[in-house]
Amino acid sequence: MSWFLLFCAGLFEVCWAIGLKYTDGFTRPLPTVLTVAAMAASLGLLGLAMRELPLGTAYAIWTGVGAVGTVIAGIVLFGESMALVRMASVGLIIVGLVGLKVSA
């Protein structure tokens, strides 16, 4: 269950990162409220997952899921670059996440 909570925390991290783009510097009320709610959900789920998972592993996976998800969202939603080096770097992050999961 902790791994599922951690993955969900990472997804909420993606949500708040995307939300930051839509808040327009926290000047738009609805996107701002939704972004802050996603931040709270992400941190709350991370805290619950850390009850059973090692700190370093949980934090690294949380940020990794957030980073990979945010790159994908940036490509899909904002037309960001899919340059080979960028995609290879994302692939390395994924390899690191799998390595952390396997070793935990």
Side-chain angles (χ1 to χ4, degrees):
M1 186 64 164
S2 293
W3 288 104
F4 177 73
L5 293 175
L6 183 59
F7 182 74
C8 290
L11 293 179
F12 274 108
E13 184 182 4
V14 174
C15 292
W16 70 255
I18 294 167
L20 285 174
K21 186 85 166 167
Y22 288 106
T23 66
D24 196 25
F26 298 106
T27 60
R28 298 179 61 212
L30 182 59
T32 297
V33 168
L34 294 174
T35 299
V36 171
M39 287 175 176
S42 181
L43 287 171
L45 290 170
L46 175 62
L48 291 174
M50 289 172 109
R51 287 179 174 174
E52 296 182 17
L53 299 175
L55 167 68
T57 300
Y59 184 76
I61 289 179
W62 178 67
T63 58
V65 169
V68 170
T70 303
V71 168
I72 292 168
I75 291 166
V76 172
L77 298 173
F78 306 114
E80 293 179 0
S81 169
M82 287 184 59
L84 180 61
V85 172
R86 190 169 194 235
M87 294 297 98
S89 298
V90 170
L92 290 171
I93 293 170
I94 293 169
V95 168
L97 295 174
V98 169
L100 286 169
K101 168 66 171 109
V102 169
S103 67

Q: For Arg28, check side chain to side chain donor-acceptor pair (under 3.5 Å) against everything at least two apart and list the hits.
A: none
Under 3.5 Å, sequence neighbours excluded: what are the donor-acceptor pairs made by side chains of residues 88-100?
residue, atom, partner, partner atom, Å
Ser89, OG, Val85, O, 2.8

Q. Which pair of non-hydrogen atoms, one from Arg86 and one from Glu80, has the smallest distance, and what is that distance?
A. NH2-OE1, 3.1 Å
Q. Are Leu43 and Leu6 co-members of a hydrophobic cluster defined by side-chain heavy atoms under 4.5 Å apart?
A. yes
Q | Verify same cluster id: Met50, Phe12 (apolar side-chain graph, 4.5 Å) | A | no
Q) Nearest 0.5 Å, what's the CE-CG distance between Met82 and Leu84? A) 10.0 Å
**Q.** Backbone N/O of Pro54 and side chain of Thr57: donor-acceptor pair under 3.5 Å
**A.** no
Q | Spatial distance of atom CD (Glu52) from atom CH2 (Trp3) [nearest 0.5 Å] | A | 11.0 Å
Q: Looking only at non-hydrogen atoms, find the nearest pair between Trp62 and Gly10 and report the distance.
A: CD1-N, 3.7 Å
Q) What's the spacing between Leu46 CG and Leu55 CG if we round to 0.5 Å? A) 8.5 Å
Q. Any idea which heavy atoms bring Ala49 and Ser2 closest together, and the distance?
A. CB-O, 3.5 Å
(Q) Check whether Ser42 reaches the backbone of Ala38 with its side chain - one donor and one acceptor, N or O, closer than 3.5 Å. (A) no
Q: Please name the pair of heavy atoms, one in Phe26 and one in Thr32, separated by the smallest distance, quoted to 0.1 Å.
A: CA-OG1, 3.4 Å
Q: Indicate, with yes or no, if Val14 and Val36 share a hydrophobic cluster defined by side-chain heavy-atom contacts under 4.5 Å among Ile, Leu, Val, Met, Phe, Trp and Tyr.
A: no
Q | 4.5 Å side-chain heavy-atom contact, Leu45 and Glu13 | A | no
Q.
Hydrophobic clusters here meaning ILVMFWY residues chained together by side-chain heavy-atom distances under 4.5 Å, can you tell me if Leu5 and Ile61 are in one?
A. no
Q | For Phe4, ring-ring contact (aromatic ring centres under 6.0 Å, His included) partners two or more places apart | A | none
Q) For Thr70 and Ala17, which heavy atoms make the closest approach, and how far apart are they? A) OG1-CB, 3.8 Å
Q) Which atoms form the tightest heavy-atom contact between Ser81 and Ile75, and what is the distance? A) O-CG1, 3.7 Å
Q | Verify same cluster id: Ile72, Phe7 (apolar side-chain graph, 4.5 Å) | A | yes
